[in-house]
Each structure stands twice: as structure tokens, then as C-alpha cells.
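Have a look at the structure below, then the notes.
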Amino acid sequence: MSKRVLLTGGTGYIGSHTAVELFAAGHDVVIADDLSNSSVTVLDRISEISGRRPDFVKLDLRDLNGLKQVFRRFDIDAAIHFAARKSVGESVEQPLLYYDVNVNSLLNLLVAMAEFKVDTLVFSSSCTVYGQPDVLPVSESTPFQPASSPYGNTKQICEHILRDYSLTGVGLKAISLRYFNPVGAHESALIGELPLGVPNNLVPFITQTAAGLRERLQVFGDDYDTADGTAIRDYIHVVDLARAHVSALQRSLHHPNAANYEYFNVGTGSGTSVMEVIKAFEAAAGVPLPYKIVGRRAGDIEQIYADTSTANAELDWRAEKTLADMLSSAWQWQQHIAAQDGPVG
């Protein structure tokens with residue numbers, strides 16, 4: 001059955017891909033986004049891919065009255081909450097901004113959902129909730145370690161809020177998806193990752209460097225206790241991640257025996273080092289990549305990758321795309337937008 005789904009932060013990288021997958025699954029999409037790290041032109045690109053255009057409201061979710069107007073106007077059935085600041089390094093420099101935006105946005109969303117009797121929520125969480133785990137791969141039973149950054153702490157706090165709120169008997173059905181490292185772009189090359197300003201994530205920095213927009217890539221540390229000294233992450237194609245949201249939404253809507261609050265790791269189950277990503281990009285794109293080793297970045301952990309068996313079983317979902325798929329699609333996206341006037345996704 002078709003549902004009208006609110007995507008907060010839906011013109012962003014993961015949100016725009018999720019809008020495409022929701023349309024493909026037959027749902028209606030309403031996007032609320034303040035456009036602080038994206039462009040309204042993303043709506044045109046979603047429409048070009050899907051043949052359908054999302055409804056859109058420009059909104060900072062810290063504006064509770066404005067958020068309530070969205071629920072009142074569009075008769076929302078469910079929400080997927082992406083809207084948040086997401087840079088580890090920036091959060092170390094501006095912790096109050098991160099606590100304000102990330103925590104208050106969720107609180108306002110829950111207040112509005114309760115008032116308008118919307119009981120289905122998928123929350124954009126992160127593997128950063130685990131900190132630097134003692135044992136790898138991490139499963140959903142892996143205990144939280146102290147957060148390595150204010151960003152990671154906001155995700156822990158938000159998950160605790162959802163857990164505590166779900167215990168009050170309000171009837172909320174919430175799922176947190178703990179992302180590992182989303183990369184890549186849609187096969188159309190119409191949407192992808194291109195943040196405003198200097199990228200904080202590895203792959204857009206790689207593609208911008210390969211395109212000549214930046215002099216060289218910075219590799220933050222080569223003295224970690226890993227095979228090549230660089231940090232290890234679990235990279236997942238953004239389209240696989242977007243499809244996980246549709247699966248989580250379906251579970252919340254149609255699985256009566258599911259707990260009121262659940263959480264799942266969303267990754268590939270395989271760790272890849274920064275240097276391995278660089279070499280894989282050079283092979284996939286056929287482009288040499290200049291880079292420079294610099295000091296470690298505040299808030300970064302050494303290595304993390306997922307045990308995805310629970311998500312595979314309970315969500316009937318699994319990551320399908322390879323690292324080569326991720327990097328070649330990211331490069332195609334970078335080439336596609338090279339002639340555009342500024343960031344569009």
C-alpha cells in the first residue's frame with residue numbers, strides 16, 4: 001500500500017537516493033530540507049530519474065511550528081529522518097552546533113509525529129555509535145564505546161531518545177539504521193555526493209582531486225595498526241543503503257511482531273583501507289591520484305566494519321554492489337557535474 005513519506009534532509013546525498021527508491025516502491029515523497037548542504041535542483045534530478053517529483057518545503061527542523069505545518073499540509077504517514085550535521089571534524093570544532101541541530105531536530109520531529117499520530121520512523125544513525133570497538137566486525141549487540149566525536153555522541157544520544165521514548169507506550173515503531181560509509185552515485189549520474197565547500201568524506205575528495213579541482217588528496221594518518229597503516233572502513237554503495245531504508249520502512253509498516261524500537265547495521269561486512277580505496281579508484285577510473293600523507297584527524301577511529309547478518313535476515317536486504325561499482329559510479333557522477341554551475345547534490 002502506498003504511503004506518503006516525509007524525508008527530512010531529503011535533498012542531501014542519501015536522502016535523494018532514498019527518494020528515488022521510495023518512488024520505485026510506489027510511495028509518495030515529501031521532502032523538508034534547509035538546503036544548508038544541498039541544492040533545490042536535486043528535485044529536478046529526482047524527477048528526471050523517477051518520472052515523479054517530490055513535494056518540497058524549505059525548512060530547518062529546529063522550527064517546530066514550521067514542521068507541524070508540513071504534517072498538517074501533507075497528511076504524512078511515515079518519516080525517514082536524515083536531517084543532521086554529519087562531519088566528524090566539524091563537530092569537534094563546533095560541538096554546540098551539532099548538539100543543537102542533531103538532537104533538537106529529532107526531538108521536534110517526535111513531537112510533531114505524536115501530535116499528528118504518525119507512528120512510523122526510520123532514523124539515520126551511524127556506526128560511530130560504537131566508537132572504537134574492541135572486537136571486529138561489530139554486530140548490533142556490540143556495546144557502545146565512548147563516542148570519539150561530538151557527532152558520534154549526538155547519534156548515541158538520539159538512539160537513546162528513541163529507545164526511551166518507545167518504552168512509554170506511545171505506539172511509535174522506530175528503526176535506527178547504523179550506516180557504515182556510503183559512497184558512489186546513482187547509475188544515471190544525475191545524483192551523487194558533492195557537499196558544499198571542502199569535502200569531509202573520502203570519496204568526493206578523491207573524485208574532486210582526480211578531476212583537478214583539488215591539488216592532492218590528504219590521507220589522514222599512515223601510522224594506524226592496520227596492514228598499510230591507513231584507517232579501515234566498511235564502504236557501502238549509496239543505492240544499496242537507500243534500498244535498506246525502503247526495507248526498514250516496510251518492516252515498520254507491516255511486521256506486527258517487530259519491537260517498537262529496533263536497530264540494524266547497514267554495511268557490506270568487509271573493511272577496506274584508505275590506501276586500498278585509492279588504488280581501487282585508480283584502477284576503476286584509469287586516473288592517477290596524487291595524495292599526501294598528513295597527520296591523523298581529530299575524532300577518527302582506526303578501523304570498523306560491520307556484521308550485517310541481522311539486517312540481512314530481518315530486513316530481507318543485503319548490499320549487492322562492489323567497491324568497483326561504488327568508485328566508478330562516483331567518478332561518472334563527478335564527470336557529469338563537472339560542467340555544472342556549482343554543487344547539485
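Note that the numbering runs from 1 along the sequence shown for the chain.
- Checking Thr268 against Tyr235 by side-chain atom types alone, no donor-acceptor pair falls below 3.5 Å.
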Quick one: do Glu159 and Ser125 satisfy side-chain hydrogen bond (donor to acceptor under 3.5 Å, both in side chains)? Show the steps, please. CA-CA 8 Å; Glu159 285 211 29; Ser125 189; 2.6 Å; yes
Test side-chain hydrogen bond (donor to acceptor under 3.5 Å, both in side chains) on Asn265 and Thr308; report intermediate values, then the result. CA-CA 6 Å; Asn265 290 338; Thr308 62; over 6 Å; no
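- When each of Val183, Leu217, Val219, Asn181 is paired with Leu202, the side-chain contact (heavy atoms from CB on, under 4.5 Å) condition holds for Leu217 and for no other.
- Counting only residues at least two apart or on different chains, no ring-ring contact (aromatic ring centres under 6.0 Å, His included) pair has a member in residues 289-320.
- Of all heavy-atom pairs spanning Ala284 and Leu327, the tightest one is CB-CB, 4.4 Å.
- Note that Arg296 lies in the cation-pi zone of Tyr224, set by a 6.0 Å cut-off to the ring centre and a 45° limit from the axis.
- With hydrogens and angles ignored, the 3.5 Å screen pairs a side-chain donor or acceptor of Ser148 with a backbone N or O of Gly299.
- In this structure, a donor-acceptor pair under 3.5 Å is present between the side chains of Thr154 and Asn102.
- Side chains of Ser38 and Thr11: a donor-acceptor N/O pair is present below 3.5 angstrom, by distance only.
- With 3.5 Å as the limit, one finds no donor-acceptor pair spanning the side chains of His186 and Ser329.
- Cluster membership for Tyr13 and Leu43, using ILVMFWY side-chain heavy atoms within less than 4.5 angstrom, is shared.
- Taking the six-membered ring wherever Trp is involved, the centroid distance between the rings of Tyr165 and His160 does not fall below 6.0 Å.
- Inspection of the Thr8 and His81 side chains reveals an N or O donor paired with an N or O acceptor under 3.5 Å.
- Of the listed residues (Glu93, Glu90, Lys86), just one forms a side-chain hydrogen bond (donor to acceptor under 3.5 Å, both in side chains) with Tyr98, and that residue is Glu90.
- Tyr263 pairs by the ring-ring contact (aromatic ring centres under 6.0 Å, His included) definition with Tyr261, not counting sequence neighbours.
- At a threshold of 4.5 Å between non-hydrogen side-chain atoms, the residues Pro150 and Tyr99 count as touching.
- With 3.5 Å as the limit, one finds no donor-acceptor pair spanning the side chains of Asp222 and Thr230.
- Under a hydrophobic-cluster definition in which Ile, Leu, Val, Met, Phe, Trp and Tyr are linked whenever side-chain heavy atoms come within less than 4.5 Å, directly or via other members, Met113 and Leu253 are assigned to different clusters.
- Residues Val170 and Phe71 share a hydrophobic cluster, clusters being chains of Ile/Leu/Val/Met/Phe/Trp/Tyr side chains in contact below 4.5 Å.
- Here the shortest heavy-atom pairing between Glu21 and Arg243 reads OE1-NE, 3.3 Å.
- In this structure, a donor-acceptor pair under 3.5 Å is absent between the side chains of Asn260 and Ser166.
- Judged by distance alone, the side chains of Thr322 and Asp325 do bring a donor and an acceptor atom under 3.5 Å apart.
- Sequence neighbours left out, not one pair with a member in residues 132-142 passes salt bridge (Lys or Arg N to Asp or Glu O under 4.0 Å).
- Residues Leu110 and Ile76 fall within the same hydrophobic cluster, defined by Ile, Leu, Val, Met, Phe, Trp and Tyr side chains chained together at heavy-atom separations under 4.5 Å.
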Which is it for Gln250 and His27 under the side-chain hydrogen bond (donor to acceptor under 3.5 Å, both in side chains) test, yes or no, and what are the steps along the way? CA-CA 11 Å; Gln250 294 300 105; His27 298 294; 3.1 Å; yes
